[in-house]
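Proteins get letters first, then strands, A, B, ... in listed order; numbering begins at 1 in each. For clarity, every value in this text was computed on a predicted model and none was experimentally measured. Computed over heavy atoms, backbone and side chain alike; hydrogens, waters and symmetry mates excluded.
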Number of protein chains: 2
Amino acid sequence: MKKMTIQEDLKEKGLKSTKHRMAILDILVKKDHPISAEQIFFEIQEMDVAINLSTVYRNLEVLVEKSMVTKLTLSGDNRSVYEYNRMVHRHYLICLGCKKILAIEHCPIKKYEQQIESETDYKIVGHKLDLYGYCPECREK
Amino acid sequence: MKKMTIQEDLKEKGLKSTKHRMAILDILVKKDHPISAEQIFFEIQEMDVAINLSTVYRNLEVLVEKSMVTKLTLSGDNRSVYEYNRMVHRHYLICLGCKKILAIEHCPIKKYEQQIESETDYKIVGHKLDLYGYCPECREK
DNA sequence: TTGGATGCAAAAGTTTTGCACGGTT
DNA sequence: AACCGTGCAAAACTTTTGCATCCAA
């Protein structure tokens with residue numbers, strides 16, 4: 001499978017490449033951690049592009065639907081966060097002090113999934129693992 | 001540490017044993033999976049006890065504060081769910097078909113946590129692992 | 001040109017809060 | 001009696017939706 005630009009990817013999925021949609025994806029692609037709809041909204045405004053919050057939500061909805069973006073809710077927070085779907089398995093390390101979110105690459109639980117499948121007779125299709133702790137700066141306090 | 005009743009536990013934490021607080025804890029203790037504030041609200045009404053939703057929220061807040069209850073948000077859903085804190089490590093298996101939530105006992109990632117600690121210099125204090133899949137009934141469809 | 005995308009305003013859903021009153025210790 | 005807990009109403013906050021208009025293909 002050949003590498004696609006985001007525009008080609010959108011086209012293939014029947015989505016138009018609008019200015020707003022591209023701006024949302026640009027922001028998400030650049031982040032290495034998930035952010036909220038409102039943060040995306042503010043960042044687009046800072047780029048001097050006018051946009052409505054509902055447009056952000058509507059775009060995120062279709063992008064999640066088309067699997068280009070993943071929607072997550074991290075514990076403790078009532079709002080959802082979104083990240084660009086790099087088709088890479090990721091986990092997060094969330095600092096309980098400053099709320100900073102760090103992405104972690106490797107995943108230890110493939111074997112665990114198989115074990116649970118045979119125990120429960122479920123078909124497991126995915127999982128979510130978040131770690132909570134304190135970053136070096138917040139440990140001090 | 002001697003086994004305490006819920007009332008003793010409340011007293012020790014400086015919380016009064018009110019009818020409503022006890023009802024909320026009774027419900028949570030009986031469940032083996034987390035439920036929402038609204039579900040708790042409805043169950044208490046079914047017990048023919050009048051209660052206000054905000055009372056449920058306020059109680060859940062203090063109970064979480066005192067570590068008697070854990071607040072979680074499971075992916076996909078915008079609302080929080082709560083469970084009685086049995087001081088046992090639990091993970092969940094969520095059926096993407098019928099949204100049923102199953103608790104899973106054992107946890108495979110203590111070693112993984114240590115590894116991440118040395119890699120990142122964070123102090124890890126906990127984690128959350130949810131598995132997603134389809135239960136035997138929903139697999140068919 | 002045409003159907004998807006957007007802005008705006010309003011609604012819906014969840015959670016929080018102010019204040020007066022009630023109940024537990 | 002003192003103070004925590006509660007009901008009620010309103011507010012705050014996040015997310016969704018209806019409808020008219022706009023714009024990318």
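- Rounding to whole angstrom units, CD of residue A:Glu65 and C1' of C:dA5 are separated by 16 Å.
- Listed pair B:Asn78 / C:dT15 fails the phosphate criterion, with no side-chain N or O lying under 4.0 Å from OP1 or OP2.
- Under 4.0 angstrom from either OP1 or OP2 of C:dG7 there lies at least one side-chain N or O belonging to A:His20.
- Contact between the side-chain N/O atoms of A:Ser54 and the OP1/OP2 oxygens of C:dA9 is not found at any separation under 4.0 Å.
- Side-chain contact between A:Thr70 and A:Leu28: absent, with no pair of heavy atoms (C-beta onward) separated by less than 4.5 Å.
- Between B:Tyr57 and C:dT16 there is no side-chain polar atom (N or O) within less than 4.0 angstrom of OP1 or OP2.
- The residue among B:Lys19 and A:Ala50 whose nearest nucleotide of DNA chain C lies closer to the 5′ end is A:Ala50.
- Distances shown here put a side-chain N or O of B:Thr55 below 4.0 Å from the OP1 or OP2 atom of D:dG7.
- Crowding of B:Gln45 atom CD: a count of heavy atoms from other residues, nucleotides or ligands under 6.0 Å exceeding 12.
- Rounded to an integer number of Å, the gap from NZ of B:Lys71 to C1' of C:dT14 is 10 Å.
- For B:Ser80, a side-chain nitrogen or oxygen approaches OP1 or OP2 of C:dT15 to under 4.0 Å.
- What separates CZ of A:Phe41 from P of C:dT6 is a distance of 14 Å, to the nearest Å.
- One interatomic measurement links the two molecules: CG of A:Leu63 to P of D:dT15, which rounds to 16 Å at whole-angstrom precision.
- Atom CD1 of B:Ile40 and atom P of C:dT15 are 11 Å apart (whole Å).
- Whole-Å rounding puts the A:Glu8 CD to D:dA24 P distance at 19 Å.
- At whole-Å resolution of the value, CD in A:Glu38 and P in D:dC13 are 9 Å apart.
- Counting only heavy atoms from C-beta outward, the side chains of A:Met47 and A:Asp26 never approach each other to under 4.5 Å.
- The side chain of B:Lys16 sits closest to C:dT25 out of C:dA5, D:dT14, C:dT25.
- Rounded to whole angstrom, the span from the CD1 atom of B:Ile24 across to the P atom of D:dT6 amounts to 7 Å.
- Residue B:Lys13 places its NZ atom among more than 12 non-hydrogen atoms of other residues, nucleotides or ligands, all under 6.0 Å distant.
- Nearest to the side-chain atoms of A:Leu53 among the listed nucleotides C:dA9, D:dT15, D:dC4 stands D:dT15.
- Side-chain proximity of B:Leu15 to the nucleotides D:dG5, C:dC8, D:dT6 is greatest for D:dG5.
- One N or O on the side chain of B:Arg139 and one on the backbone of A:Asp121 form a donor-acceptor pair closer than 3.5 Å.
- With hydrogens and angles ignored, a donor-acceptor pair closer than 3.5 Å exists between the side chain of A:Arg58 and the base of D:dG18.
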